[in-house]
Visitor: 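My questions all concern the structure below.
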Amino acid sequence: MRKTVKISIRELVEFVYKEGSIDVRFQARSSMAIGTKLHQKLQKEYKEGDEKEVFLKGERLVENIVYQLEGRCDGLHYENGEVIVEEIKSTARPVAHIEEGARVHWAQGECYAYLLAKEKKLKDIGVQLTYIEVESEKTKSFNRTYSMEELEHIVDETLVAYTPFASLLLTNQENRIRSIPDMEFPYPTFRKGQKKLAGAVYKTVSEARSLYANAPTGTGKTISTLFPAIKAMDGKWFYVTAKTITRTVAEEALLLLEREGLSHRTITITAKDKICFQEETICQKEYCEFANGYYDRINTALIDILTHETIITRPIVETYARKHRVCPFEFSIDLSYLVDGVICDYNYIFDPKVSLKRMSDEGKNKTTLLIDEAHNLVGRGREMYSATLRKSDFLEVKRMYPEHMTLKQSSVAVNKQFLRLKKEYVADVRNEMDAELVNEVQSFIEIAEKHLGEAEMDWSEEFLQLYFDALNFVRISNLFSDEHRFVINQTPKDVEVKLFCIDPSKLINQITRSFRSSVFFSATLHPFSYYFQQLGGGEEDYRFLIPSPFEKEQWQVGIHPISTRFKDRERTLSTITRSITEAFNENKGNYLVFFSSYAYMREAFEEMNKDAMDAEFIIQEPNMKEVDREKFLNEYQSDRDRPVIGFAVLGGIFSEGIDLKGDRLKGVFVVGVGLPQPSRDHEIIKNYFNKLGLNGFDYAYVYPGLNKVFQSGGRLIRSEEDTGVLRLIDDRYLSPKYQSLLLEEWKDYRIFT
C-alpha cells in the first residue's frame, strides 16, 4: 500500500543538503524583514510578462511513497521562448566572494523547475540563482539549463536521501494512530470533577474551539487535559506553562499514558542558557564544538533519537546531543517540528522575540494548545508585549566605540530624540507612539547589525543587549494599539521610554486563534470574569468551572484580622508572629509562611528566631538557584525530629507548582492580601479599566494580589487524604469585597482575635 507525504520544497532540500555550522554572528535578527524587502526590490525590476511569487505543486513516487511537493518560487522569466525559474537569496557575504552558489540553494531552484516543467510539459528549463548583498544591495546571478530528465534525476536523488527519514516519521505516525483508540485513562477511577473536565476538553478539541477552565487543586488537571486532547485529535499539541515543575508533571503524565499503550513522540524544550554545554553561550564554530558542523550531523541525530526514544526529556536530549556533537538547544527546536507533542514555556508560542517561527499556518491549524497555570499568562503577556529603552544605554555605546563613526552618529541621533521627548513631555503617558523615536531606533538597529557582522571585533555584552532591546522596541511598536501606552519616565540622570501593554487580551487572542484549539486551565482563574477577559475569551468560547474535589473538613481555615498595611507593620509584627507560634503549638508540623515582600518576610523571620520554638526556620532568598530550591523543599519531610517553618514570598517560586503531600506540610500562613506595591504601571492599568467602566483598582491590585494568595494557600491540600491548617492574616479578609472573593472551600472559617 502506497503512503503519502506532503512536504514543502524548502523543507525537503534543507534537510538533505543544508550543511555547515551554527554561527549567529551574521544572522541579523531583522534579516527576514530585510531579505523580504530585498526580494521585493529585485522583483519590481521584472519586465512585463515575468511572474513573481509563483505557487507550484506536484507529485513524485519514490520507494512506494507518493511525495506531494509544493512551494513558492521567487520568480519566472520568459526569454526568447525559454522559461527560467529564479531563486533569490539575500546574504551578508560580499557577492564577489560567491563563486557558484550553495548546493541547497541550487536544489531549491531545481525542484521548482521540475514542478513547473512537469506542469507545462517542458523539455528544457533554466534556473537562475541570484544573490543580493544586504549591505550594498549588489547582486550576482548564476544560470544553468536542465533537461526534464536531469531534473527528474535530481528530484529522485533528493527524495531517496529523504526517504529513510520520511519512512521513520510515517511509521511513528501509524503507530500513534493505532495506539490511541485503545488507550485507557491511567487511573482506576476519576477524581471528583475530573471526568467532567476531561469531557469538556475532549469536546473542545473535537470541535476546534477554545475552553477556559477553572479546575481547583486536586482535580488532576494535567492528565485531565492531555488524555482527552490526544484522544480527540489527529494532530499535534503544545503543553505550555510558566514553571519548570509543571513541565515535569506533564512528562510524568505522558509516562502513565505510555503504559496504557500510547505510542507517541514528545520533546521538552529547555531554555538555551540552561541546556548549553559551554560555560558561555557563544553560538560560533570557533567557540563551540557543538555549533561547529551542526548541520552536517543533525540529520543522523534526529533519526537516531526518533527511532529509539518516545518521551524526550532534557537528560535524553543532552545524551544524544553529546553522542552526535550537536547543540542541545537547536536539536530540541528541530525536534519540536517533528514530534507529536511539545512541552515548553509560554514564550515559544506567545513571545514575538522567541516564538517558533518555522511553524506554518497549516501546521497551526492542526495543533492544539494546552495552556497550564493560565493565570500566569496575564502578567507574562504584559511583559512580552511591552518594551523599554533608556537614553543612558545609547550614550554608553557612543562612549565605548568613538572610532565607529556611523554607530556613534546613530547613537547620538537616538539620544537627541530622548532629549526632545524630555523637553516636550514631562513624565508623560501618551496614547500614541512617537514615530520619530521609532524611526531612529530602526536606523540604529540596521547600523548595529552591520557592525556586529564584523568578525574581528569583540563587542561588549552591553552593546549586544542594547541591540536586542532596540530590536524588541521596534517589534513591539508594530503591535502598538489602544491597549498600549507610550510612557516617558525621567530621573535626574536618565530618560526611559516604555511601550507598555496594559491589556494583553487581544494579542493573546490573536495568537491562539491561529491554532486549531486552545485550552486555558488553572486552579485559580478566580475571579473568572477577570481572567476570561484578560486571556482573550469571547462569546463563542466554552467556559468551565468545577468545585474543589476536596471536602471542607480537610481545611482548618482561620482569619486573624490584623492590619498588615505598611504603616502598621512595625506595630503589628509581634502579634502576627505570636499568631503563627500559637497555631504551630496547637498543630505541630511543617509550615510555610508567605509574606508580600522580602523585607517584610525577613523582619518576621528575625523576630521569630528570637523565640525558643521547637522548630527549624528556613527562608527563601532572592534569585535562588535550582539546587537551593531543592534543598529548601527537601527540608519538608514527614519524619523530622524538629518540624520546619519556611518563610517565603507570595507569588514566588514556592507559592505554586509544588507538591508537599501528606504530613510533609501541616499548615500555611498567608500574611497580607498580596496587593502589588503601588507603581506607575499599576496606576496606568487602574486608570485604563476605570475609563472602561470597570473597577480599575480591582484589576490593577486586588485580583492579581488575591491570585497569589489562592496559589499559596493551594499548597496545603494536595490529595484526598491531606488535612491542614490555613490561616489568613489581615483584617481585609473580613471586608465585604474580600468575603465575596474568597474561594468556596475557604468560607467555613474561624475568626481569631
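Keep in mind that what you see is a predicted model, and the values were worked out from it rather than measured.
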Visitor: Hey, does the side chain of S410 reach the backbone of T406 with a donor-acceptor pair shorter than 3.5 angstrom?
Guide: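 Checking the backbone N and O of T406 against the side chain of S410, no donor-acceptor pair under 3.5 Å is found.
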
Visitor: Is the backbone N or O of N439 less than 3.5 Å from a side-chain atom of S443, with the two atoms forming a donor-acceptor pair by type?
Guide: yes

Visitor: Do I476 and P352 have side-chain heavy atoms sitting under 4.5 Å apart?
Guide: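 Sidechains of P352 and I476: in contact.
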
Visitor: Are H682 and Y701, when compared by the centres of their aromatic rings, separated by less than 6.0 Å?
Guide: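 Yes, close enough.
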
Visitor: Taking the six-membered ring of F486 (Phe, Tyr or Trp), confirm whether the NZ or CZ of R430 is under 6.0 Å from its centre and within 45° of its axis.
Guide: yes

Visitor: Less than 4.5 Å apart, side chain to side chain, heavy atoms only: is that true for I269 and D345?
Guide: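 I269 does not reach D345 side chain to side chain.
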
Visitor: With distance as the sole test, does D340 use its side chain to make a donor-acceptor pair with the main-chain N or O of R265 at under 3.5 Å?
Guide: yes

Visitor: Between D628 and K625, is the closest basic N to carboxylate O distance under 4.0 Å?
Guide: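 No, no charged N to carboxylate O under 4.0 Å.
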
Visitor: Using distance alone, with no hydrogens and no angle criterion, decide if E373 and T241 have a side-chain donor and acceptor under 3.5 Å apart.
Guide: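 Not at all, the side chains of E373 and T241 share no donor-acceptor pair under 3.5 Å.
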
Visitor: Would you please indicate if the ring centroids of Y294 and F331 are separated by under 6.0 Å?
Guide: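 Ring-ring flag for Y294/F331: false, centres at least 6.0 Å apart.
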
Visitor: Please step through side-chain contact (heavy atoms from CB on, under 4.5 Å) for the pair I267 and V317, ending with a clear verdict.
Guide: CA-CA 8 Å; I267 176 71; V317 169; 3.4 Å; yes

Visitor: Are the charged groups of K398 and E396 less than 4.0 angstrom apart, N to O?
Guide: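 Judged by the 4.0 Å cut-off on N to carboxylate O distance, K398 and E396 do not form a salt bridge.
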
Visitor: Taking side-chain hydrogen bond (donor to acceptor under 3.5 Å, both in side chains) as the definition, give me every residue that meets it alongside T266, ordered by chain and number, with sequence neighbours left out.
Guide: none

Visitor: Does Y346 reach the side chain of N376, with side-chain heavy atoms less than 4.5 Å apart?
Guide: yes

Visitor: Can a donor-acceptor pair be found, under 3.5 Å and without considering hydrogens, that links the side chain of S386 to the backbone of E383?
Guide: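 No: the side chain of S386 does not pair with the backbone of E383.
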
Visitor: Testing the 3.5 Å rule here: is there a donor-acceptor pair between the side chains of S481 and E483?
Guide: yes

Visitor: Do R475 side-chain atoms and A387 backbone N/O form a donor-acceptor pair below 3.5 Å?
Guide: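 Flag not set: sc R475 to bb A387 has no pair under 3.5 Å.
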
Visitor: Going by the angle between their ring planes, with limits at 30° and 60°, are Y348 and F329 parallel, tilted or perpendicular?
Guide: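 Judged by the thresholds at 30° and 60°, the geometry between Y348 and F329 is tilted.
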
Visitor: To the nearest 0.5 Å, what is the distance between NZ on K416 and CG on L421?
Guide: 14.5 Å

Visitor: Under 3.5 Å, is there a donor-acceptor pair linking the side chains of Q534 and R382?
Guide: yes

Visitor: Counting N and O atoms only, with roles assigned by atom type, does the side chain of D494 sit under 3.5 Å from a partner on the main chain of S392, one being a donor and the other an acceptor?
Guide: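 Yes; at least one donor-acceptor contact below 3.5 Å.
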
Visitor: When you measure from the side chain of K140 to the backbone N and O of I98, does any donor-acceptor pair fall under 3.5 Å?
Guide: yes

Visitor: Side chains of C283 and K272, heavy atoms from C-beta outward: is any pair under 4.5 Å?
Guide: yes

Visitor: Do F515 and N365 have side-chain heavy atoms sitting under 4.5 Å apart?
Guide: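 A side-chain contact is absent here, since even the closest heavy-atom pair is not under 4.5 Å.
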
Visitor: Under a 4.0 Å N-O cut-off, is there an ion pair linking E496 with K391?
Guide: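 A salt bridge is absent here (no side-chain N lies under 4.0 Å from a carboxylate O).
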
Visitor: E436 vs Q417, test: side-chain contact (heavy atoms from CB on, under 4.5 Å). Steps then yes/no.
Guide: CA-CA 7 Å; E436 291 180 61; Q417 294 301 323; 3.5 Å; yes

Visitor: When you measure from the side chain of D296 to the backbone of G20, do you find a donor-acceptor pair of N or O atoms at a distance under 3.5 Å?
Guide: yes

Visitor: Do the side chains of R93 and E133 get close enough for a salt bridge, i.e. N-O under 4.0 angstrom?
Guide: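 No.
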
Visitor: Tell me, do F520 and L535 make a side-chain contact under 4.5 Å, heavy atoms counted?
Guide: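 They are in contact (side-chain heavy atoms under 4.5 Å apart), so the answer is yes.
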
Visitor: Cut-off 3.5 Å, side chains only: do Y287 and N292 have a donor facing an acceptor?
Guide: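 The answer is no; no qualifying pair exists.
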
Visitor: Answer whether the closest heavy-atom distance between the side chains of R322 and F290 falls below 4.5 Å.
Guide: yes

Visitor: Please determine if K506 and D482 form a salt bridge, counting it only when a charged side-chain N lies under 4.0 Å from a carboxylate O.
Guide: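 No.
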
Visitor: Before you tell me yes or no, could you show the steps for H105 and Y131 under ring-ring contact (aromatic ring centres under 6.0 Å, His included), namely the whole-Å CA-CA distance, both residues' side-chain angles and the distance that decides it to 0.1 Å?
Guide: CA-CA 10 Å; H105 298 156; Y131 288 93; 5.6 Å; yes

Visitor: Keeping N472 on the side-chain end and F468 on the backbone end, is there a donor-acceptor pair under 3.5 Å?
Guide: no

Visitor: Would you say the side-chain atoms of Q43 pair up with the backbone N or O of D74, donor to acceptor, closer than 3.5 Å?
Guide: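 Judged by distance alone, yes, a pair lies under 3.5 Å.
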
Visitor: Nearest 0.5 angstrom please: F394 CZ to F463 CZ, how far?
Guide: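 So the gap between those two atoms works out to 10.0 Å.
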
Visitor: Quiz question: by atom type and distance under 3.5 Å, do the side chains of R72 and S8 form a donor-acceptor pair?
Guide: no

Visitor: Going by atom types alone, do Q465 and D469 pair a side-chain donor with an acceptor below 3.5 Å?
Guide: yes

Visitor: Are R247 and E251 close enough for a salt bridge, meaning some N to O gap below 4.0 Å?
Guide: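 E251 and R247: not salt-bridged.
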
Visitor: In this structure, are over 12 heavy atoms from other groups packed under 6.0 Å from R380 atom CZ?
Guide: yes

Visitor: Between K686 and D681, is there a side-chain N and carboxylate O pair less than 4.0 Å apart?
Guide: no

Visitor: Using a strict threshold of under 4.0 Å (side-chain N to carboxylate O), is an ion pair present between R485 and D428?
Guide: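 Salt bridge between D428 and R485, a charged N being under 4.0 Å from a carboxylate O: no.
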
Visitor: Find out whether E11 and R358 are in side-chain contact, i.e. whether some heavy atom of one side chain is under 4.5 Å from a heavy atom of the other.
Guide: no

